[in-house]
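This is a predicted model, so every value here is computed, not measured.
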Amino acid sequence: MLYGTKSRKKAYTLWESDLVADKDVGKVKALQQIHAYLFGGLYDFAGKIRTKTIAKGNMLFCLTGHLHSYLKTVETMPETTFDEIVDKLDLIFKKRMKKCVDWSKINKKDYLDAMIASQLDSTRIRELLKQALTDRIDDREIFMKGIDYSYYYEQEE
């Protein structure tokens, strides 16, 4: 897929950029900046809050009618403990706990199953993330593996 190659290259350069200021981590603004950076020039909706409900397989993402209120809720959620961060966004691990996820330690099927289950119970996704935490937050290789794994998780089997 051409979009995967272009956005993956942009994701690699994201590591060297200072795109999202530390104060913006965990905010909708930061997510929009990252999305615009990765998918700008590929999609006209890059960096914008979506207006259509989407799904992947059996997993329905937040309904568009609830998205704005959900994003406001996410921004105000606490982010000081592991469980709070998992409930919010795992990117905050680095900011708050000086940890990051080594995605190469998480099996694809286990991850996808846990994500589907997390709509009702986040226990399994928490377990997977907790066992994959590392303190190698400034390690470029860990970041690049994370990008590669995110594309791997998205590929159809």
For a quick test of reading the model, state the closest non-hydrogen atom pair linking Gly40 to Ala46 and the distance between them.
N-CB, 3.5 Å
For the atom pair CD1 (Ile142) and CD1 (Ile137), what is the distance rounded to the nearest 0.5 Å?
11.5 Å
Within a strict 4.5 Å, meaning less than it, do heavy atoms of the His68 and Ile49 side chains meet?
yes
Can you tell if the side chain of Arg124 reaches within under 4.5 Å of the side chain of Leu128, non-hydrogen atoms only?
yes
Rounding to 0.5 Å, atoms NZ (Lys105) and CG (Leu129) come to a distance of 12.5 Å
Show your reasoning for whether salt bridge (Lys or Arg N to Asp or Glu O under 4.0 Å) applies to Lys27 and Glu75.
CA-CA 5 Å; Lys27 304 289 186 205; Glu75 275 199 335; 5.6 Å; no
Please report the C-alpha distance between Thr64 and Thr53 in whole Å, then the side-chain angles of each, then the deciding distance to 0.1 Å, and finally whether the side-chain hydrogen bond (donor to acceptor under 3.5 Å, both in side chains) criterion is met.
CA-CA 5 Å; Thr64 304; Thr53 297; 3.1 Å; yes
May I ask you to test the Cys100-Thr134 pair for a side-chain heavy-atom distance under 4.5 Å?
yes
Which pair of non-hydrogen atoms, one from Trp103 and one from Tyr111, has the smallest distance, and what is that distance?
CZ3-CE1, 3.6 Å
Shortest non-hydrogen contact from Gly47 to His35?
N-ND1, 2.9 Å
Do you know the tightest heavy-atom contact between Ser104 and Lys145?
OG-NZ, 3.4 Å
Could you tell me the separation between the NZ atom of Lys94 and the CZ atom of Phe143, rounded to the nearest 0.5 Å?
8.0 Å
Distance, nearest 0.5 Å, that separates CZ of Phe39 from CZ of Phe45:
8.0 Å
What are the two closest heavy atoms between Asn107 and Asp110, and how far apart are they?
OD1-N, 3.0 Å
Path from Phe93 to Met115 over hydrophobic side-chain contacts below 4.5 Å:
yes
As an exercise, state the distance from CD of Glu127 to CD1 of Ile106, rounded to the nearest 0.5 Å.
11.5 Å
Could you tell me whether the side chain of Ser122 and the main chain of Ser118 form a donor-acceptor pair under 3.5 Å?
no
Got a second to check how far Asp102's CG is from Asp135's CG, nearest 0.5 Å?
11.0 Å
